[in-house]
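Quick notes on the structure that follows.
Convention: sequence-line order gives letters A, B, ...; per-chain numbering from 1.
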There are 2 protein chains.
Amino acid sequence: MQALDNARDRVAGAVDDARLQARLEGLAQFGAVQPGQPRGGVARQALTEQERLARRWLAAEFAGRPGYAVGIDAAANVYVRRQGSDAGAPPVMTGSHVDTQPLGGWLDGAYGVAAGLEVFAALDAAGVHTRRAIETVMWTNEEGSRFAPGLMGSLSYVCPDRLAEFQDARDAQGVPFGQACAEARADFAAAAREAGWQWFDTPLARPLHAYIEAHIEQGPILEARGLQVGCVTAIQGVRWFRVTVPGRSAHAGTTPASARDDAQAKAIALAHALLEYGRAQDDEALRLTIGRWQCRPDSINTIADQVVFTVDTRHPDARVLDALQARLQALLPPGATMDTLQNKPTVTFDGGLTALARQACRALRLTHQDMLSGAFHDAMPLAGFCPTAMLFAPSIAGISHHPEEHTAIEDLAACTRALAWCLTDLAGQTDAPPANASFTSTR
Amino acid sequence: MQALDNARDRVAGAVDDARLQARLEGLAQFGAVQPGQPRGGVARQALTEQERLARRWLAAEFAGRPGYAVGIDAAANVYVRRQGSDAGAPPVMTGSHVDTQPLGGWLDGAYGVAAGLEVFAALDAAGVHTRRAIETVMWTNEEGSRFAPGLMGSLSYVCPDRLAEFQDARDAQGVPFGQACAEARADFAAAAREAGWQWFDTPLARPLHAYIEAHIEQGPILEARGLQVGCVTAIQGVRWFRVTVPGRSAHAGTTPASARDDAQAKAIALAHALLEYGRAQDDEALRLTIGRWQCRPDSINTIADQVVFTVDTRHPDARVLDALQARLQALLPPGATMDTLQNKPTVTFDGGLTALARQACRALRLTHQDMLSGAFHDAMPLAGFCPTAMLFAPSIAGISHHPEEHTAIEDLAACTRALAWCLTDLAGQTDAPPANASFTSTR
């Protein structure tokens, strides 16, 4: 193990803050709301011209080097592959997505792709060859803001049948997802041909040895505790409910309290009791949010005849969510109803991989803690497909999906070093040269 | 007094249920949403073609009879006048408005005008002459839904300076109120000329002996108590507040409770405490309504960064509203603000006139009670100008501003009899013939 120990540390040590930052700042120019300012906000929705250009630009950094190849699959997921010596061994994969919300920040998704490519740069700089290939993937439409639902690329990868469902999902202009994929595939292939990049076939559901995704936390925990890395053990379960409270519309001035059936007053009492219940649990892992609230007719001097509000609740333990759901049900006033809009169970990551992540942090003397992911990520579908884990870098003030989303470059680089250490470990250091058997030149 | 006693009772006794109903059903056809069905909803906003036609149709019933005249003033308020024997004595006025909400019922406002005209029919049928003229007015734009604010006609009448302010108020199509008034005046005058109606000059702020307005209650109290008439002693004070609660937007999944500044949770706690305070007053006269509620960004999985809600509160005693306002102020969480959108003090009606209304109910053996008006009416501005009172007929289930607004014809007629009794009393029975001095023929 002496050689591997040495290789992991050398690759981690070759991660370069300035190179990583330059890549991220370059990426942020694709869809920049205020060009030239990396923190002016990014509008780069899935499979738009700007996102396709960004993916080609990212691929181009390595695609022309010996031992690298690129590919794009049926869901328009783009892969940059650093070949291993054993062409038959399933690769180790990292990456994330480069699509953004309609107005997003510069790091959500982008960081995981830039970090995967930085590991390639570090491997090259350290002169380390690996037995398994390592791939950095750019998943398609993670955000779900141009086409719904999100995670289309990673869901299609692990379950190709899903792709057929997604073909007809349309954006606000009526463009079907299938058409946007076909266009992205055509222009990526044309760019690869033109540049003479090595090309490899990328069927969906190719076996993977492991998947590790680096991402910003999008929450305030690591920053508040002054930690560099979060070793993510699970993506917590989420349930979404829509609560509808009926009432009877009447004149606000002429209707005494005893004659009212005020939907707003009933909804406020219900929501208050639910939030009080949440507070009483005194459970730091419980998330409880009433994000939408719509009352009808929404008139100052008319008693509301209907209020609809939503409840987003998350916790790693399904029993906690069961209890909260039962409490909400019990609190409903007569005539009120609740619908479940979404129910995703907790996804627990691979114990061996999270242990490896901790080991990397200890070896690299990075401050770290185990934590849950409160948000969804492409790692969620992957976790059912192959051993999967995630590494989090802190988010300043927990801000995300916003132009002010930010993380200090030192923290982004520290988390990238942990990623480099894990990927080198998983891919296995070797003295053998990279195989080329699975490659086909596009020349 | 024997002659007057006799005249009041005879006029009240000559009120005819079927004639009143036919007039109301005919009126409901102007702007009927489902023509032929009086209860299918009425869309007859101020000074629209349908409302102008309705006013001409109502005037036409009496305008051609001897001893009647019509007029329209600078605010397009239309008057139908039954002449008295003393041309110099200020008239007694009744009436209401025939404009509706965008989708209103068939009785709000319409009833007060139809009832005033029914008193004319009853006076004629009973062969009673009065010393003072009696006028039935159709005030312009009471509802305030086409042009804001409401009560434009009655406000202009009592304070002609206000009319200048209103001239440039525009409807949703950009039509100025001044232009709509000018058109209504021109076509009413043309109709009068064509029909040869007697015409009289109608400056704003003409002295009035008294104003009594009949109206549906628009609340549930009379019906719930099985009473026929409400003798309205005051229009209760109203205050409108807009409360703005700020927060900080963050991801619903990644942000633990301890790191949240959730505008929705704070607004719910505030609104709950306010409604609890209202309930604890145990005061049947207190009205407290949270009619509007808008949260931003109104997304299921985003913590709200702002909630704005409105408070409509009414009570006849200003000290009760002062205490509620102070409580709301004290409950505001840090950073939250409240603005006063409206503050109208309680308007108390003339004690002599409300006593007369009670006397009428007793004389006619109508079940009745004193009550407050929770809604605004044209009688509110009039109360500062001349002795004023109102009579309420019950509203079934308190429904108003809605196609289902309804009152049994027996109740509408009962309240009209009380009105007839009061108007005959106020105008004074006489054996002298009606004067014609103030009339000018349009022939």
Side-chain angles (χ1 to χ4, degrees), chain A residues 217-221 224 236 238 240 242 248-260 262 264-265 268-269 271-272 275 278-279 284-295 297-304 307 309-310 312 314 341 373-376 395 397-402, chain B residues 217-221 224 236 238 240 242 248-260 262 264-265 268-269 271-272 275 278-279 284-295 297-304 307 310 312 314 341-342 373-376 395 397-402:
Chain A
E217 180 195 337
Q218 302 182 272
I221 296 171
Q236 65 189 355
V238 56
W240 284 359
R242 179 178 50 215
R248 198 175 56 246
S249 185
H251 192 296
T254 60
T255 313
S258 58
R260 292 182 177 217
D262 183 342
Q264 189 98 280
I268 289 167
H272 181 73
L275 293 173
R279 273 187 283 271
E284 185 72 1
L286 179 63
R287 306 276 184 272
L288 179 56
T289 306
I290 297 177
R292 305 189 75 175
W293 189 288
Q294 290 166 335
C295 63
D298 203 35
S299 154
I300 295 181
N301 57 345
T302 306
I303 295 164
V307 170
F309 67 83
T310 59
D312 173 319
R314 310 188 192 210
L341 300 179
S373 173
F376 304 155
S395 289
I399 295 167
S400 186
H401 289 186
H402 191 281
Chain B
E217 179 194 339
Q218 302 182 273
I221 295 172
Q236 65 189 355
V238 56
W240 284 0
R242 178 177 53 215
R248 199 176 54 247
S249 185
H251 193 295
T254 60
T255 313
S258 58
R260 292 181 179 219
D262 183 342
Q264 190 99 281
I268 289 167
H272 181 72
L275 293 173
R279 273 188 282 272
E284 185 73 1
L286 179 63
R287 308 277 184 271
L288 179 55
T289 307
I290 296 177
R292 307 190 73 176
W293 189 286
Q294 290 166 335
C295 64
D298 202 36
S299 155
I300 296 180
N301 58 346
T302 306
I303 296 164
V307 171
T310 59
D312 173 318
R314 310 188 192 208
L341 301 179
Q342 177 160 255
S373 173
F376 305 154
S395 288
I399 295 168
S400 185
H401 289 186
H402 191 283

Where on A:T310 is there a heavy atom nearer than 4.5 Å to chain B: the side chain, the backbone, both, or neither? side chain

Take B:W293 and A:I268, measure what side-chain contact (heavy atoms from CB on, under 4.5 Å) needs, and give me the verdict at the end. CA-CA 11 Å; B:W293 189 286; A:I268 289 167; 3.9 Å; yes

Do B:R314 and A:N301 have side chains that get closer than 4.5 Å, going by heavy atoms? yes

By side chain to side chain donor-acceptor pair (under 3.5 Å) - contacts of A:S373 (at least two apart): A:H377

Is B:Q236 in contact with chain A via its backbone, its side chain, both, or neither, using a 4.5 Å heavy-atom distance? side chain

So, the side chain of B:R292 versus the backbone of A:S299: is there a donor-acceptor pair under 3.5 Å, distance only? no

Between A:H251, A:R279, A:R242, the one whose heavy-atom pairs under 4.5 Å with chain B are most numerous: A:H251

Of A:I290, A:D298, A:L286, A:L341, the largest count of non-hydrogen pairs under 4.5 angstrom with chain B goes to A:D298

Does a side chain donor of either A:E217 or B:T254 reach within less than 3.5 Å of an acceptor in the other side chain? no

When heavy-atom pairs shorter than 4.5 Å are enumerated against chain B, which of A:G374, A:G278, A:S249 gives the highest number? A:G374

For the atom pair CD1 (A:I399) and CZ (B:R248), what is the distance rounded to the nearest 0.5 Å? 7.5 Å

Pairs of heavy atoms under 4.5 Å with chain A: top-ranked of B:T289, B:I300, B:T255: B:I300

Short side-chain to backbone donor-acceptor contact, B:Q218 and A:G253, under 3.5 Å: no

Please look at A:S400 and chain B and tell me whether the side chain, the backbone, both or neither of the residue comes under 4.5 angstrom of a heavy atom of that chain. neither

Can you tell me which portion of A:R260 sits under 4.5 Å from chain B's heavy atoms? Options are side chain, backbone, both or neither. side chain

Using the test ring pair (Phe, Tyr, Trp, His ring centres under 6.0 Å), find all partners of A:H272 that sit at least two apart in sequence or belong to another chain. B:H272

Among A:Q294, A:Q264, A:R287, A:H402, which residue forms the greatest number of heavy-atom pairs with chain B at distances under 4.5 Å? A:R287

Counting heavy-atom pairs under 4.5 Å with chain A, which one of B:P256, B:G219, B:G398 comes out on top? B:P256

Quick one: CD1 on A:I303 to CG on B:L288, what's the gap to the nearest 0.5 Å? 10.5 Å

Looking at B:S258, B:A257, B:A259, B:A250, which makes the most heavy-atom pairs under 4.5 Å with chain A? B:S258

Chain B heavy atoms under 4.5 Å from A:A252: which part of the residue, side chain, backbone, both or neither? both

